[in-house]
Enquirer: 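Below is a structure I'd like to ask you about.
None of these values were measured; they are calculated from a predicted model.
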Amino acid sequence: GKDQEERNSFKSTLLPTSRLSLRLNVKSLQQPDIVGAVLSMADTLGFVPSFPNLPFIFTELFANALEHGVLDMSSELKYKSGEGYLEYYEERQQRINGLTDGFIAVEMALDTVEGKQVLRLMLSDSGRGFDVNEPGYAGLADGEMAAGRGLTLVRGMAMHLGYNNQGSEVIALIGCD
């Protein structure tokens with residue numbers, strides 16, 4: 001209908017140079033709805049209407065960068081008991097409140113892969129990263145691990161998901177569907 005036509009015409013007005021680039025410092029990371037604020041900007045730029053999987057993928061990758069990168073938390077606590085989940089999020093909030101340094105850099109940019117328009121989403125963080133070759137790290141290689149559930153879903157939604165060698169930067173290519 002009319003909505004779909006508007007969406008399609010909106011898509012074609014996006015310039016190949018459309019890009020959102022942010023470096024979120026401690027103050028920004030301490031904002032309770034920083035994910036919503038970034039997605040709101042992405043929505044305004046047309047990235048969310050054009051790439052409907054972006055909100056889920058961004059939310060998951062941002063949580064990983066914050067929790068495992070900047071805050072240096074392990075997922076083990078989250079799944080060790082019924083209360084583990086609650087403990088994990090209490091600990092997470094305490095670490096966020098006590099944060100004195102650290103950042104997450106976010107970049108969203110239009111790109112073309114095999115003639116198709118895609119969104120390149122990059123997140124890098126100030127954490128020490130992880131060994132990308134270590135099997136099963138945080139469930140990256142093993143979809144059966146509880147800790148890897150979100151990333152398994154992201155892998156299914158993104159055209160490509162990869163990390164730099166230090167494990168402190170992730171790149172996802174997101175298609176229009």
Side-chain angles (χ1 to χ4, degrees), residues 3-4 7-8 10-12 14 16 18-22 24 33-80 84-85 88-89 92 104-125 127 129-177:
D3 268 341
Q4 190 62 39
R7 212 175 281 139
N8 287 342
F10 189 53
K11 237 185 244 187
S12 63
L14 285 173
S18 288
R19 150 201 294 242
L20 172 62
S21 184
L22 300 165
L24 304 169
D33 194 29
I34 188 61
V35 169
V38 173
L39 286 172
S40 177
M41 281 186 261
D43 189 33
T44 301
L45 292 172
F47 292 150
V48 175
S50 297
F51 303 96
N53 288 333
L54 174 61
F56 180 85
I57 294 172
F58 174 75
T59 301
E60 186 62 33
L61 296 181
F62 185 90
N64 284 346
L66 179 62
E67 294 165 16
H68 307 307
V70 178
L71 301 177
D72 197 22
M73 294 181 72
S74 161
S75 291
E76 287 172 27
L77 175 64
K78 210 189 301 190
Y79 302 102
K80 78 174 186 195
Y85 212 75
Y88 181 85
Y89 283 98
R92 177 185 188 268
I104 296 177
V106 177
E107 185 171 297
M108 298 177 195
L110 292 178
D111 209 339
T112 307
V113 174
E114 294 169 5
K116 291 191 180 92
Q117 194 172 56
V118 300
L119 183 68
R120 188 169 20 90
L121 171 63
M122 290 188 294
L123 281 89
S124 57
D125 63 67
F130 64 91
D131 181 354
V132 295
N133 299 310
E134 190 180 312
Y137 181 88
L140 295 178
D142 184 358
E144 300 308 308
M145 289 177 68
R149 247 182 273 167
L151 280 178
T152 301
L153 288 170
V154 167
R155 276 222 164 86
M157 294 175 140
M159 292 169 61
H160 168 80
L161 184 69
Y163 294 84
N164 68 354
N165 288 334
Q166 294 77 38
S168 60
E169 180 178 271
V170 61
I171 298 176
L173 294 180
I174 305 169
C176 293
D177 43 11

Enquirer: Distance check, rounded to the nearest 0.5 Å: L119 atom CG versus S18 atom OG?
Expert: 10.0 Å

Enquirer: Could you work out, with side-chain contact (heavy atoms from CB on, under 4.5 Å) as the rule, every residue matching T59, not counting sequence neighbours?
Expert: V35, L39

Enquirer: Residues two or more places apart in sequence or in another chain: which of them pass side-chain contact (heavy atoms from CB on, under 4.5 Å) with V113?
Expert: V118, M159, L173

Enquirer: I need the L24 CG to D125 CG distance, nearest 0.5 Å.
Expert: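 The CG atom of L24 sits 11.5 Å away from the CG atom of D125.
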
Enquirer: Quick one: does F62's side chain get under 4.5 Å of L121's, heavy atoms only?
Expert: no

Enquirer: Give me the atom names and distance for the closest heavy-atom approach of Y88 to S74.
Expert: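 Heavy atoms only, the tightest pair is CE1-O, 3.2 Å.
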
Enquirer: State the CG-CD1 distance between L151 and I57, to the nearest 0.5 angstrom.
Expert: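 L151 atom CG to I57 atom CD1 measures 11.0 Å (nearest 0.5 Å).
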
Enquirer: Let me see the working for L110 and F51 under side chain to side chain contact (heavy atoms under 4.5 Å, CB included), right down to the final yes or no.
Expert: CA-CA 10 Å; L110 292 178; F51 303 96; 3.6 Å; yes

Enquirer: CZ/R155 to CD/E60 distance, rounded to the nearest 0.5 angstrom?
Expert: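 Rounded to the nearest 0.5 Å, the CZ-CD separation comes to 11.5 Å.
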
Enquirer: On a heavy-atom basis, which atom in M73 and which in H68 lie closest, and how many Å separate them?
Expert: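 Looking at all heavy atoms of both residues, the closest pair is O-ND1, 2.8 Å.
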
Enquirer: If only atom types and distance count, is the side chain of H160 paired as donor or acceptor with the main-chain N or O of A172 below 3.5 Å?
Expert: no

Enquirer: So how far is it from E107 CD to S124 OG, rounded to the nearest 0.5 Å?
Expert: 9.0 Å

Enquirer: Between atom CG of L61 and atom CE of M122, what is the distance when rounded to the nearest 0.5 Å?
Expert: 12.5 Å

Enquirer: Indicate yes or no: at least one non-hydrogen side-chain atom of V154 is less than 4.5 angstrom from one of N53.
Expert: no

Enquirer: Mind checking whether I171 and L161 have side chains closer than 4.5 Å, heavy atoms only?
Expert: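 Heavy-atom side-chain distance check fails, nothing below 4.5 Å.
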
Enquirer: Out of L45, L123, L22, V38, which one pairs with M108 under the side chain to side chain contact (heavy atoms under 4.5 Å, CB included) rule?
Expert: V38

Enquirer: Are any non-hydrogen side-chain atoms of N64 and V170 less than 4.5 angstrom apart?
Expert: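 The answer is no, as the side chains (C-beta and beyond) never meet within the 4.5 Å cut-off.
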
Enquirer: Suppose we screen for side-chain contact (heavy atoms from CB on, under 4.5 Å). Which residues come up paired with Q166, at least two apart in sequence or across chains?
Expert: N164, S168

Enquirer: What's the shortest heavy-atom distance between C176 and Q117, and which atoms?
Expert: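 It is SG-O, 3.6 Å.
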
Enquirer: Determine the minimum heavy-atom distance between A42 and L20, stating which atoms define it.
Expert: N-CD2, 4.2 Å

